[in-house]
Amino acid sequence: MFFLTYLRRELSRRLGRTIFTVLGFAVGVGLVVAIAALTSGLEDAQGEILNPLGSIGTDLSVTRPVVATTQDAQAGQGGQGGPGGFGLGAGPSDGIFIGERPGGGGAGGLSGEDQAALIAENQSVITDLSKLGESGDQFVHDYFLPADQLTFPEDDLAQVEQVEGVAYVAKGLTLLAVHQEGTVPEIVAEIETGGEEMEIVRDFSPPTEAERSQMRECFQRGQQHGSSGDFSVGGCVPQRLLSFRETITTPRRTIREALNPPETDIQSDPYVIAGVDTTNSEIGLVTESQVAEGKYFGRDEDETKDAILAASYASRKGLDIGSTIDLNGTIFEVVGLAQPPVGGQAADVYLPLTDLQELSNREGRANILLVRADDSSVVEEVSANIESTVTGASVTSAADLAGRISGSLVDASKLSDRLGAVLQVIGLAFVFIMGSLLTLSSIAKRVRELGTLKAIGWGQGLVVRQVVLESLVLALIGGIIGVAIGAGVAYGVAAYTPPLEVTAASVGSPAGSFFGLGDVGTEEVSATVDIVAPLDFNIMIMAIGLALLGGLIAGAIGALRAARLRPADALRNLG
Amino acid sequence: MLELKGLKKTYKQGRTSINAVDGLDLRIDDGELVAIVGPSGSGKTTLLQLISGLDRPSSGTIHLDDIELTSLSERRLTKVRGESIGFVFQQFNLIPTMTASENVQAAMAPFGLKAAERKERAQSLLAEVGLEDRAGHLPTQMSGGEQQRVAIARALSNDPKLVFADEPTGNLDSETGAEIIELLSNLSKERGQTVIIVTHDTAVAEATPRIVRMKDGKLSL
Ligand SMILES: Nc1ncnc2c1ncn2[C@@H]1O[C@H](COP(=O)(O)OP(=O)(O)OP(=O)(O)O)[C@@H](O)[C@H]1O
Ligand SMILES: [Mg+2]
């Protein structure tokens with residue numbers, strides 16, 4: 001095959017031209033391959049890290065944020081003074097969620113049972129110090145505050161399960177808790193409470209760091225001066241976090257409360273606690289795969305109750321696997337440390353749902369439903385279905401959560417989304433144009449040679465075949481080298497790029513924050529991701545293909561142009 | 001036998017047009033060795049290109065035996081060139097990336113010979129022009145005279161009826177030029193080929209049995 005000999009000679013004896021052309025193709029192809037790899041690397045990183053719901057096996061989370069369902073929803077109504085109490089609403093404009101309007105017509109829009117449950121939930125906030133022991137005794141107590149998300153009645157849970165497209169529902173209960181320890185104060189008075197109309201209040205924007213520490217101090221102060229009777233937990237909450245939502249009337253009852261307690265050493269420490277549906281360890285507020293150290297619930301043989309702690313919380317509190325925690329007399333053994341996903345459901349302490357329900361007086365109640373859809377394509381639909389089926393339900397999807405996440409990864413990813421496509425197109429165009437130009441120019445220099453071949457009997461077809469074959473081989477070699485260059489560049493960039501950062505306010509409850517307190521007790525969750533640049537086989541093939549196409553088209557055009565010349569004209573060419 | 005009738009080639013250059021070959025009649029018999037001479041610009045190269053099918057005339061006919069070249073398609077004309085016509089150019093026009101042997105083989109390539117046969121024939125042709133020990137040399141590794149011999153070997157590779165040489169000695173010194181002309185005239189005698197040489201060199205012309213003189217695109221005496 002003479003044309004193969006000729007091809008070899010052309011490539012090896014015009015080495016300069018060969019290398020130049022090959023490099024032209026290689027640079028273009030390499031550019032495309034590298035950009036594609038880095039772009040998809042960023043996408044992968046984003047997909048993996050920025051899908052907090054996905055990491056708890058969930059497509060959607062359903063909550064029941066407090067929503068004004070009555071015409072009474074007027075903000076500010078709560079601060080009407082009245083006999084205070086160490087607890088629910090008191091003092092001008094410091095009711096957290098209790099308004100003291102006389103009379104009161106019950107909570108509009110809520111069923112009787114639901115209302116009772118909500119009241120029970122809220123009662124636990126009241127600090128009846130007399131129950132803690134004799135004055136002067138040391139006490140340790142954990143209060144479970146009502147979250148800004150109402151719990152769901154059983155009906156609703158069942159309803160969500162019935163919604164079309166729902167594959168599985170896991171229940172969860174997330175609460176803000178306040179841990180207090182100190183000395184029971186001396187002076188105790190009996191106070192009649194209840195009958196108040198309760199306004200449920202919330203504000204979605206989480207408190208700032210400053211507000212948080214202010215609140216912590218305020219809790220402290222309240223314990224010390226509480227006997228004046230005008231302290232309430234709610235009083236510690238900044239005004240801006242308060243707004244009016246729902247009205248419920250609390251039952252009348254008598255509590256004994258410390259009046260003018262002497263200065264005590266009561267310490268308050270808020271944290272987020274979550275009750276985890278342990279039926280399925282792959283979907284829940286914490287999943288088995290998130291347990292970075294230790295075990296998931298119920299994996300050990302012993303009788304002790306299990307708790308899982310967020311790793312960061314455990315280290316802050318000096319707790320570890322095997323430590324025990326005492327929640328109002330119930331002892332839990334720390335069996336695992338969890339690494340919450342960025343932007344995911346982060347709590348500090350995780351207990352089995354039933355344990356938390358019991359501890360917090362919320363038997364059978366849950367305030368978050370984690371829903372897995374039949375198929376990822378129906379998530380939107382399921383979301384709409386649930387919202388229309390369950391009144392007052394708020395559905396959050398992974399897409400909603402992604403919006404809250406920030407950090408260099410997101411920036412890089414956004415950048416790569418926009419730039420990556422553009423650069424790839426530029427790269428592909430570069431491959432094509434560069435290859436074509438190099439091919440055309442090298443053919444132009446050979447017009448005389450090609451004319452000679454025609455003069456000595458080479459037909460147009462033979463000349464074109466020779467030239468096209470040559471440029472295809474150059475393009476192919478260039479393409480292959482380009483893939484190698486691209487892979488090297490992608491690998492290098494990925495290896496030397498500092499890990500990208502992702503930050504998100506940990507989402508104690510997906511729809512917002514707890515009790516207007518936001519992520520008190522939890523931290524912003526950050527994670528760093530090392531970018532890997534996976535090579536995309538299709539892009540490599542496409543880039544090589546485009547190089548070949550450029551070589552083919554340019555080769556054919558150049559060859560035809562030269563081969564169609566009359567030999568007389570071609571021979572006169574001085575090139 | 002080669003017969004030209006009323007051959008005319010007009011080049012249009014903007015408004016002006018030049019009759020490079022201007023109504024020329026000529027008959028050359030088989031096996032003749034002909035020198036075409038004439039002043040620069042008289043149309044010698046143009047005539048050669050027309051007769052050899054490298055270019056097409058504006059009017060007139062060219063008969064190569066019973067084939068009329070001007071009526072052939074480009075494809076057929078290329079085939080006739082490959083089979084029946086050999087070229088020797090002033091600038092040699094060897095393919096720079098091919099060795100002497102490969103340059104000779106290049107002319108055989110369109111005719112589907114086996115590689116071994118092709119090589120063997122190239123080797124014997126190179127021997128005929130006295131270059132048996134230069135088969136593996138690249139053009140740049142050879143002198144002008146040697147390159148022109150390779151070009152002659154290439155022109156002979158398909159044993160053509162006609163060999164055209166346009167100033168084959170133009171880039172050579174007179175001694176080497178004389179050797180080349182002698183080589184061409186010997187080949188003509190030995191192989192019975194028709195050889196047509198365009199030249200400026202009166203010494204060259206005088207060595208040939210027939211001289212065709214040209215002036216302004218026409219034959220002159
Ligand atoms: N492609 C062309 N386009 C226009 N005019 C041309 C072309 N080729 C040749 N000519 C003109 O035709 C005329 C004859 O040219 P030709 O090359 O045949 O002369 P020549 O006898 O070979 O001259 P020389 O001895 O210098 O080689 C000249 O006037 C030349 O300028
Ligand atoms: Mg000339």
Legend entry - Contact residues of residues 451-482 of chain A (partner chain B; heavy-atom separation under 4.5 angstrom): A:Thr452, A:Leu453, A:Lys454, A:Ala455, A:Ile456, A:Gly457, A:Trp458, A:Gly459, A:Leu462
Chain A contact via [X] - side chain, backbone, both or neither, heavy atoms under 4.5 Å:
| X | result |
| --- | --- |
| B:Leu138 | side chain |
| B:Thr46 | neither |
| B:Arg118 | side chain |

Should we say atom [atom1] of [X] is surrounded by more than 12 heavy atoms from elsewhere, each under 6.0 Å from it?
| X | atom1 | answer |
| --- | --- | --- |
| A:Phe3 | CZ | yes |
| B:Tyr11 | OH | yes |
| B:Glu83 | CD | yes |

To the nearest 0.5 Å, what is the distance between [atom1] on [X] and [atom2] on [Y]?
| X | Y | atom1 | atom2 | result |
| --- | --- | --- | --- | --- |
| A:Arg13 | B:Thr97 | CZ | OG1 | 7.0 Å |
| A:Arg8 | B:Glu102 | CZ | CD | 8.5 Å |
| A:Arg566 | B:Asp55 | CZ | CG | 5.0 Å |
| B:Met98 | A:Thr5 | CE | OG1 | 8.5 Å |

Inset, instruction - Can you run down the salt bridge (charged side-chain N to carboxylate O under 4.0 Å, His left out) pairs that involve residues 23-33 of chain A, sequence neighbours left out, and say none if there aren't any? - result: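 Applying salt bridge (charged side-chain N to carboxylate O under 4.0 Å, His left out) to every pair that reaches into residues 23-33 of chain A, excluding sequence neighbours, yields nothing.
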Legend entry - Test side chain to side chain contact (heavy atoms under 4.5 Å, CB included) applied to A:Phe2 and B:Leu113, step by step: CA-CA 9 Å; A:Phe2 188 76; B:Leu113 291 173; over 6 Å; no
Taking [options] one by one, which has the highest count of heavy-atom pairs under 4.5 Å against chain A?
| options | result |
| --- | --- |
| B:Gly82, B:Gly86, B:Ala106 | B:Ala106 |
| B:Gly53, B:Ala115, B:Ala155, B:Pro96 | B:Pro96 |
| B:Arg75, B:Arg154, B:Glu74 | B:Arg154 |

Inset, instruction - Report yes if the side chains of A:Arg448 and B:Gln91 come closer than 4.5 Å at any heavy-atom pair, otherwise no. - result: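 When only atoms from C-beta onward are counted, B:Gln91 and A:Arg448 do touch, with a gap below 4.5 Å.
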Inset, instruction - Decide yes or no for A:Pro567 and B:Gln49: does some side-chain heavy atom of the first lie under 4.5 Å from some side-chain heavy atom of the second? - result: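 In short, these two side chains do not touch, never coming nearer than 4.5 Å.
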